[in-house]
Peer 1: 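I have a structure here, written as structure tokens, and I will follow up with some questions on it.
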Amino acid sequence: MGLQARSKQRKLQPCPVPSAFPHSPPPLGPRLRAAPSGLCPAHALTAYRHRQCACAVPGCGLGGSGLAVQRRAVPCRPLEQVATMPVQLLKFIKGKLETQLPSHLQREDLKQLQTGLDHSNKYFQDTFVVAGFKVAESPTAREDGRHACHLQVSEEAGSAIYICTQPSTSPFSETTSASVAPKYVYTPLNCLKDGTVVNLYGIVKFFKPPYISKGTDYCSVVTLVDQSNEKLTCTLFNGNLESLPKIYKNGDIVRFHRVKIREYNGQMQGITSAGFASLTFDGTVGAPVVPRASSKVYTFIDEEQKTVEELRIWAASNLSVPGPEAKLSDVKPMMFFDLTCQLVGKAKVDGSSFLLKVWDGTKCPYPTWKVPVEEKELEGDKALLHRLRNVTVDVLAYDNHVQLAKSLKIGSFLRIYSIHTKQASATNEDISSHIEFHLHGGTCYGRGIGILPENNADVEELKTFLECVDLTDSQNMENMSSLELGDTFDNYTDLESPLQRCQQLSATVLTDHQDMSNTMLKTVLNSRAPQQYRIRAKLRSFKPQKLYQSVKLHCSKCNTLQEVPDGDAFDLILQGCAATAPNPELQSMSWYESVMWTTQEEKERKITIHFVKHYEMLQRPENTLLMIEGGTLKEIWKLTRRFKCVIPVKSKEDDLELLDLSAPFLLQGNIKYYGCKKCSNPKSIENLSSLAEKREPSWEPTEIAQVLGIELLQYVFVMKFTLVDGTGALNAYLFDYEKFFQIPASEILTNSFLQQKMEMTMNTLSPPGRKLGQFAVLEGDKNGKDLLVCCYVCRVLEFSLHLGKNQK
DNA sequence: TTAGGGTTCG
């Protein structure tokens, strides 16, 4: 599609040149951004409709026809909201224009565009996508012979203009629409006008977490501030909780699209308009810039990442948003505070109040109020509630909070805003007065309940903390019954029962290898390998007893096994690399976008993250591969929770390179991928760009390893089972790449749940301290779903012989 | 429509 645009001649009111906003382009009218291959973001061009402009800046006097193009950040007048662009269709046949453009127009390369030159008779050719337009009759069609219709676009109607930037494909193929980036204009908070619909960036100064309004929707009230120091309070409604901004604390940064501005009580006020959408970011300087989106589809470009980082820095030095956060161990009588906690139990108390039993792993220094509730009303794992009884507190939620409180899921992580601690007056029966926790009715001071997602940084921290809590310190041993003491001393009692219930290994009817009859072990032992048998045996013992020791790394090329390096070794390598400063010349190359910052710790450290682009654009975090220089182990783990792939690198003179292969060359989720030192032949890191150019990069570890010249080591279970059936004892060696009882070898080292599962599986197969006759009988299916399988054992035998040959 | 920031009945 070809598209010519010409601005409509309109008179504009003079407007003061906006003050410089480092985070935001000047408040211009609709803009287009072209970022063709090889054009760095700093030189990205901004094109916008433009009339004979009274702006004195050189380059602005481009006249009223043609497509005006200017460097961004050149102050100019804001344009009116409604644009009218005559449209004429140009036909292309085999990539060539069938219709001739007027002869006075000369084609301009986007890279050559610059200010100060006359572009009246220039055109450039790219693929545009215009969305959200109105079609109107062209008033000049008769005179100028153009198309009878033209398109009207306006920000208010949510119009967007896109330019395709796919470098390698013909700009006229159908596939180009796959990578387009809309461009939005963000209005500083001191430039808002009544009756407009705008896009905004701001730092959250105050917010009310979404609550159920008296109408039909959820409501959230958010007060923003930006570098202009102007405030804006927005009242946001939506029937869907998920569509409201995911703000968790003051200081978060938000991007709002399509906020309607109104004047109310002499002040500007924001309100949701049709198509309202938001992104929310952690406001902490240096934290990964990961959007929490209120809609499934959104755009977020590199330039905006800088906006967020600049807002963070501005906020750090210009705003103080001391949150009233506190741990249970910090509470005092008569205070209001925000509590980040996990929900352990809940109960209906009466019509106007609802009980939440929560903990944060710390202990309140005062005796706490226990709200009496009927046993049948209390929801939650009774054993867990009992175990945690001295570290949970009862929070009573009233009135409008009851409905939301009722709907909360046990085990979820919450932030309860503005809990009030109240000291109950001492009575005769209760000399030692206790503290009560109230979430009063209403939404004053942001009072309410927020549900935090599992990947929230504070939740991650809390979870880690909760896992380490030693409950024995908080148990009052003297008052415990003998039964309770039993609970305390047997750490597994509470955990084991639900787990066991879920994972009990039942006797199964074998479905695999029904064609084979069982063979006695004596016969197997007297046979020559290789052969396949089906056996029925009991597991007498297995090694190693410490199951994590059964996981090794195997190189299928040189057939060597090695231990999985521990985290300390990786940490040491990272520390060594952090001493080398990132090479500034390797920042933001054509295929990746870099962000560098310096930590504020005592010993300053430079961290650089290189985000690999896909068709010139950053992808959603969950699809993004990034490379990191100078990060610590903890930081790298944090990144792996949000991004698809993390590759630790260091700068050398002319390229980035992988670290020593004692360190993982790739991290995905909680899996560290290693390369064989002997068989790998590392290639240039730039080879990753070939994967990024794929239509949908899968970022498979095998593919990444291949392009980087790495011989990927595979995680394997290596175990020895001694099987008996009364006729003999057979050692069977397990060598399994994939899964053993649905437990992936690559994940067991970092997953305590899988470790417990494996331990229980093995204990069921070979219970410690029991007689042989009580052992589980080993059979099963080849998927390893229930018990060891005959074919499984056969494979093990074959492999053991194979290994035996190699070792000899 | 709802709410339009500014703590507490319990």
Side-chain angles (χ1 to χ4, degrees), chain A residues 189 192 194 202-225 230-241 243-245 247 249-252 254 256 259-274 276 319 321-326 331-339 347-356 368-373 393-405 416-425 427 433-450:
Chain A
L189 299 183
L192 299 173
D194 185 20
I203 300 148
V204 175
K205 193 179 182 313
F206 166 83
F207 74 106
K208 292 184 175 183
Y211 60 95
I212 300 160
S213 75
K214 287 174 184 159
T216 57
D217 292 329
Y218 285 94
C219 175
S220 183
V221 175
V222 184
T223 302
L224 304 180
V225 62
E230 193 70 33
K231 279 196 307 180
L232 177 76
T233 298
C234 301
T235 311
L236 311 173
F237 297 103
N238 203 297
N240 178 7
L241 187 66
S243 299
L244 287 171
I247 299 168
K249 55 169 69 168
N250 290 336
D252 278 353
V254 292
F256 288 167
V259 184
K260 188 160 197 169
I261 301 300
R262 279 197 213 152
E263 196 176 316
Y264 176 77
N265 280 348
Q267 283 195 315
M268 290 303 167
Q269 174 198 55
I271 192 158
T272 32
S273 79
F276 171 81
L319 292 180
V321 257
E325 284 183 60
V331 301
K332 296 176 176 58
M334 300 300 283
M335 69 186 276
F336 290 90
F337 73 107
D338 296 348
L339 178 67
K348 183 188 164 192
V349 179
D350 55 45
S352 68
S353 63
F354 197 86
L355 170 65
L356 299 176
T368 64
W369 183 38
K370 294 293 169 193
V371 180
V373 289
V393 298
D394 286 8
V395 180
L396 212 47
Y398 294 95
D399 303 338
N400 57 313
H401 307 297
V402 168
Q403 199 179 336
L404 188 64
I416 310 180
Y417 300 92
S418 209
I419 296 181
H420 182 208
T421 57
K422 186 178 166 189
Q423 187 153 31
S425 52
T427 62
S433 61
H434 57 243
I435 280 197
E436 299 176 357
F437 295 85
H438 297 272
L439 185 69
H440 296 291
T443 59
C444 282
Y445 275 82
R447 191 186 294 141
I449 304 170

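In what follows, chains are A, B, ... by sequence order, proteins preceding strands, each numbered from 1. From a predicted model like this one, the values you see are computed outputs, not experimental measurements.
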Peer 1: Which whole number of Å gives the distance between the C1' atom of B:dG4 and that of B:dT8?
Peer 2: 23 Å

Peer 1: Mind calculating the distance between CD1 (A:I261) and P (B:dG4) to the nearest angstrom?
Peer 2: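 Going from CD1 in A:I261 over to P in B:dG4 covers 17 Å.
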
Peer 1: When you check every protein heavy atom under 4.0 Å of nucleotides 5-10 of chain B, what one-letter string (B, S, -) results, 5' to 3'?
Peer 2: BBBB-B

Peer 1: Starting at CG of A:L232 and ending at C1' of B:dG4, how long is that distance when rounded to a whole Å?
Peer 2: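 Those two atoms, CG and C1', are 12 Å apart.
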
Peer 1: Applying side chain to side chain contact (heavy atoms under 4.5 Å, CB included), name anything that partners A:D194, two or more places apart in sequence or on another chain.
Peer 2: A:R262, A:E263, A:M268

Peer 1: Between B:dG5 and B:dC9, how far is it from one C1' atom to the other, in whole Å?
Peer 2: 22 Å

Peer 1: Quick one: list whatever passes side-chain hydrogen bond (donor to acceptor under 3.5 Å, both in side chains) with A:N400, sequence neighbours left out.
Peer 2: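 For A:N400 there are no side-chain hydrogen bond (donor to acceptor under 3.5 Å, both in side chains) partners, ignoring immediate neighbours.
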
Peer 1: Categorize A:F437 for me: base, sugar-phosphate, or nothing, with a 4.0 angstrom heavy-atom threshold over every strand shown.
Peer 2: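 The residue A:F437 makes no contact with any strand.
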
Peer 1: Only counting residues at least two apart or in another chain, list the ones meeting side-chain hydrogen bond (donor to acceptor under 3.5 Å, both in side chains) with A:Y398.
Peer 2: A:H438

Peer 1: Where does B:dG6 land, syn or anti, once you apply the within-90°-of-0 test for syn?
Peer 2: syn

Peer 1: Output side-chain donor-acceptor pairs under 3.5 Å for residues 230-239 of chain A, partner residues at least two apart or in another chain, one line each.
Peer 2:
{"from": "A:T233", "atom 1": "OG1", "to": "A:T223", "atom 2": "OG1", "distance (Å)": "3.0"}
{"from": "A:N238", "atom 1": "OD1", "to": "A:N240", "atom 2": "N", "distance (Å)": "2.9"}

Peer 1: Within the 4.0 Å heavy-atom criterion, would you say A:I271 contacts the bases, only the backbone, or no part of the nucleic acid?
Peer 2: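 A:I271: base contact, heavy atoms under 4.0 Å.
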
Peer 1: Partners of A:D217 by salt bridge (Lys or Arg N to Asp or Glu O under 4.0 Å), sequence neighbours excluded?
Peer 2: none

Peer 1: Donor-acceptor check, side chain of A:H401 to backbone of A:H440, threshold 3.5 angstrom: yes or no?
Peer 2: yes

